[in-house]
Amino acid sequence: GRQTLHFLPDVILIVDGKKVGALGYASIDMVIDQTNFIESEGVPRDAKVVGSTFRYVNKSGGPDRRFKDNPSIPIARYEELHLRSTTGLNELIQVSRIGAAASFVDAIRDAAERTAHVS
């Protein structure tokens, strides 16, 4: 999207063109989910490959034999981190290393606790 998020020690700065806003960590709702993605351009080294498919698939799910060049394509599992707030933040971050999103969420929650005690 057009927005850029800058994670500072006490807030997230949201830059959208010439507009800038700040959002406290305590007001962010975070949800981690997993998704599978068909990777036609290559798989990141830290991603988990969970299966494969073909570029051209027939109705039964197998390779479509009408196509001479029909390579097998890996299916990788990624984590999705949804960041939302009641003030309009709605971002989805995909992470190739399973478990990395949980570390990020823990860091955000720690920042929220630290800034809550500073007032």
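Given the structure is predicted, the values throughout are model-derived calculations rather than measurements.
With rounding to the nearest 0.5 angstrom, the CD atom of E41 is 9.5 Å from the CD1 atom of I73. How far CD of Q94 is from CD of E80: 5.0 Å, rounded to the nearest 0.5 Å. Between the CZ atom of R84 and the CG atom of L92 there is a distance of 8.5 Å, given to the nearest 0.5 Å. Distance check: H82 NE2 to D29 CG gives 10.5 Å after rounding to the nearest 0.5 Å.
Between Y56 and F67, the ring-plane angle classifies as parallel under the 30° and 60° cut-offs.
Here the closest heavy-atom approach between residue F54 and residue G62 is recorded as CD1-C, 4.3 Å. Looking at every heavy atom in both residues, P74 comes nearest to V49 through CB-CG1, 4.1 Å. Taking each heavy atom of Y78 and A47 in turn, the nearest pair found is CE2-CB, 4.0 Å. Closest non-hydrogen pair, Y25 versus V11, comes out as OH-O, 3.2 Å. Contact detail for N70 and R55: the closest heavy-atom pair is OD1-N, 3.2 Å. Heavy atoms only, all atoms of each residue included: P44 and E39 are closest at CD-OE2, 4.4 Å.
One hydrophobic cluster, built from ILVMFWY side chains closer than 4.5 Å, cannot hold both I98 and I93; they sit in different ones. There is a path of hydrophobic side-chain contacts, each under 4.5 Å, that joins I28 to L5. A continuous path of Ile, Leu, Val, Met, Phe, Trp and Tyr side chains, each step under 4.5 Å between heavy atoms, connects L23 with V105, placing both in one hydrophobic cluster. No chain of hydrophobic side-chain contacts below 4.5 Å, direct or via other Ile, Leu, Val, Met, Phe, Trp or Tyr residues, connects V15 to I12. Note on F7 and I32: same hydrophobic cluster, where clusters join Ile, Leu, Val, Met, Phe, Trp and Tyr whose side-chain heavy atoms are under 4.5 Å apart, directly or indirectly.
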Self-check item: Candidate pair K48 and V50, rule side chain to side chain contact (heavy atoms under 4.5 Å, CB included), full reasoning
Solution: CA-CA 6 Å; K48 181 178 180 182; V50 294; 4.2 Å; yes
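When the shell of 6.0 Å around CD1 of I38 is examined, it contains 12 or fewer heavy atoms from other residues, nucleotides or ligands.
Between E91 and L89, the closest side-chain pair of non-hydrogen atoms falls below 4.5 Å.
Residues S96 and D46 have side chains that bring a donor and an acceptor to within less than 3.5 angstrom of each other.
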